[in-house]
Amino acid sequence: MATPLSDTTLSPLKTIAVVGLGTMGTGITEILAKAGREVIGIDISEAQAAKSVAALEAATARAVERGRLTEQERADVLARVRTSTDIGAAADADLVIEVAPESYEIKHQIFRDLDAVVRPETILATGTNALSVTRLAADSARPERVLGLHFFNPAPAMKLVEVVSSVLTAPPAVAAVTDLAIELGKEPVAVGDRPGFVADGLLFGYLNQAAAMYEARYASREDIDAAMRLGCGLPMGPLALLDLIGIDTARTVLEAMYAESGDRLHAPAPILKQLSEAGLTGRKSGRGFYTYEAPGSATTVPDALTPVEGNTQVAGRSVRSVGVAGSGTMASGIAEVFAKAGYEVVLAARSEEKAQAAKARIGKSLARSVDKGRMTAEAAAQTLDLITPAGSYDAFADVDLAVEAVAEDLAVKQQLFAALDKVCKPGAVLATTTSSLPVVACARATSRPQDVIGMHFFNPAPAMKLVEVVRTVLTADDVHATVREVCAKVRKHAVDCGDRAGFIVNALLFPYLNNAVKMVQEHYASLDDIDAAMKLGGGYPMGPFELLDVVGLDVSLAIEKVLHREFRDPGLAPAPLLEHLVAAGCLGRKTGRGFREYARR
């Protein structure tokens, strides 16, 4: 019978063994030694143990050069670390952290070996991000002492640590490792035992969808990655991140998640299997979705799939004047973008008054730019002079490009395109800024569908660098070339994609947000813990619930419904909790309450 766990039997976690001295184990060793812990590094390979010590010596030397450690402190850190190839070296440890490869067989053997050598009160932690902590605990001689301690790579830099409890874990063990994480300068998040936990549980579904999107040749790897960096403020695109994590590792995590959830969004995209089995596992092998300078290098090199700059076969049409239809934030932001680039802009709304109000909004925006030193007062005045407000779309008679930014309602947009078809001159390009509706449905409302294309700007348009350029099956090549040229002139990064719901960004973003809502709905983790996990563990600028409240729960629900209707995947069905909040009028910041409550302005 296992020894009962109590607060009185719990030893201070002063001596800690780390089993597995790869990149993660070495990083954890560094953190622990710097925090004053005695560390026993254990690896079956003597060469790997020596490599780990060399890496620790190099990391601490860099810390001295940067003034973060003194020479004496460095010497003390290195003196606190010893290595061994014998699991018996863990006999005196108060805590053992296992970070061996993601294999039940390997981890089970390590836990069996540890059971034979460690003291009854020693806590055993697994660093798994994909396997069941409960399953590992159940086979241990002391399941109440087994838990998950999931650090993120690179461990010295990443603040998040997920503390994973199984139904067998004793609370004092959780409290002890949580306190340790805080002492290490980390931010611990308490989660239950399910594949991927919080951060990877949300992250890997998104990465899998990005891989499937690329595999379907919907968009290039460069455009998918650029779209998510520029459209969502992420530090890396999903395909580059898969290469960093390791495509084989990602496949293992997804297979574990799919086995647990049965959700098709977690079923590994076939390309992950193909790349893994071909040995193209990402940076570590020198090739994955991208090709790298050498195995282990972060520097990409051109390959057969790398786009050639300026390789356009078709010339675009001449664009001197632009019409922008609408009077809201998006319309005025787009008009400002074009005017700043020197285009003559006609800003048309349903009334002269609305158009004048939109121009006044642009004037205030330009004034803020002047106040911040981003442009001169003279340049701001010249920009504003390029914008002509109009109370009728008849003013678009001479524009070369008409961009609509009216309500996200297909009937409204189709009616507008029918009007533009009659007003705009032959050869004018007609663009919609829709984020979720079919561009071809707008095109079919005209007698010239070949002239219609999607130009999806992101809000706020003056600040956001991304434009999704959406071709339909009817869009002419020179129309596509025109919009690409215009995007370059207004200093936006254009990405190409086809005409399907969500395009790139929303098609990848909103299923991730929906899955976060499901986590809360199932009482798996709190709003605060999920938001913290994604900001600290995934590098997201905002947590999913912060973002949902900013975007608006009604807008989010509408996009999720469009995605579900288009792809007919049960995993894309909007979470009932989101539907309930919208039905209750809790729409986010704009109503003062969404997932959180906000002070009324």
Side-chain angles (χ1 to χ4, degrees), residues 314-328 330-335 337-339 343-352 354-355 358 387-457 461 467-487 490 494 496-501 503 562:
V314 181
R317 302 175 187 178
S318 174
V319 176
R320 292 185 180 84
S321 60
V322 178
V324 179
S327 57
M330 182 58 86
S332 57
I334 292 169
V337 166
F338 281 113
Y343 287 98
E344 293 178 3
V345 180
V346 178
L347 179 55
R350 285 175 294 176
S351 70
E352 182 76 29
K354 283 182 178 293
I387 301 170
T388 304
S392 164
Y393 299 128
D394 290 342
F396 285 0
D398 293 321
V399 300
D400 303 305
L401 167 64
V403 181
E404 71 77 15
V406 298
E408 191 73 349
D409 180 302
L410 186 56
V412 171
K413 289 186 188 290
Q414 286 176 317
Q415 188 177 13
L416 174 57
F417 271 86
L420 295 178
D421 188 32
K422 292 174 184 172
V423 169
C424 293
K425 66 186 180 184
V429 174
L430 310 181
T432 171
T433 61
T434 182
S435 62
S436 58
L437 300 173
V439 177
V440 75
C442 297
R444 291 296 302 278
T446 74
S447 63
R448 41 174 151 173
Q450 72 279 3
D451 291 341
V452 179
I453 195 166
M455 281 185 81
H456 180 213
F457 286 81
V467 175
E468 290 177 320
V469 177
V470 188
R471 293 188 70 160
T472 77
V473 291
L474 303 172
T475 304
D477 288 343
D478 66 338
V479 167
H480 174 251
T482 302
V483 169
R484 295 278 312 193
E485 289 168 11
V486 165
C487 286
V490 299
D496 285 324
C497 53
D499 185 19
R500 72 179 201 187
F503 311 134
V562 168

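For this chain, numbers begin at 1 and follow the sequence in order.
- His480 approaches Val469 most closely through the heavy-atom pair CD2-CG1, 3.8 Å.
- Shown here is Asp409, whose CG atom has more than 12 heavy atoms of other residues, nucleotides or ligands within 6.0 Å.
- To the nearest 0.5 Å, atom NZ of residue Lys422 and atom OH of residue Tyr393 are 14.5 Å apart.
- Closest of all the heavy-atom pairs between Ala405 and Thr433 is CA-OG1, 3.4 Å.
- For the residue pair Arg317 and Thr482, the shortest heavy atom distance occurs at N-OG1, 2.7 Å.
- A tilted orientation is assigned to the rings of His456 and Phe503, their planes being inclined by 30° to 60°.
- Within 6.0 Å of CD in Glu344 there are 12 or fewer heavy atoms belonging to other residues, nucleotides or ligands.
- Contact between Val439 and Val470 at its shortest, heavy atoms only, is CG2-CG1, 3.9 Å.
- Using a 4.5 Å cut-off on side-chain heavy atoms (C-beta onward), Ile334 and Phe338 make contact.
- By the 4.5 Å heavy-atom criterion applied to side chains, Arg484 and Asp496 are counted as neighbours.
- A 4.5 Å side-chain heavy-atom check between Val345 and Val324 finds at least one atom pair inside the cut-off.
- Of the listed residues (Leu474, Asp421, Leu430, Leu420), just one forms a side-chain contact (heavy atoms from CB on, under 4.5 Å) with Val452, and that residue is Leu430.
- Put simply, the side chain of Glu468 never gets that close to the backbone of Cys497: no donor and acceptor are under 3.5 Å apart.
- Atom OG1 of Thr432 is separated from atom CG of Leu416 by 8.5 Å, given to the nearest 0.5 angstrom.
- A distance of 8.0 Å separates OH in Tyr343 from CG in Leu401, rounded to the nearest 0.5 Å.
- For Gln415, the CD atom sits in a loose shell: 12 or fewer heavy atoms of surrounding residues, nucleotides or ligands are nearer than 6.0 Å.
- When all heavy atoms of Lys413 and Val406 are compared, the closest pair comes out as NZ-O, 3.3 Å.
- Atom SG of Cys424 is separated from atom CZ of Phe417 by 9.5 Å, given to the nearest 0.5 angstrom.
- Under the 4.5 Å side-chain criterion, counting only non-hydrogen atoms from C-beta, Arg471 is in contact with Asp477.
- Between the side chain of Asp499 and the backbone N or O of Val440, at least one donor-acceptor pair lies under 3.5 Å.
- Between Thr434 and Cys442 the shortest side-chain heavy-atom distance does not fall below 4.5 Å.
- Side-chain contact between Val429 and Val319 is absent, with no heavy-atom pair separated by less than 4.5 Å.
- Remark: Arg320 does not engage Asp400 in a salt bridge, criterion side-chain N to carboxylate O under 4.0 Å.
- Pairing each heavy atom of Ala325 with each of Ala331, the nearest pair is O-CB, 4.2 Å.
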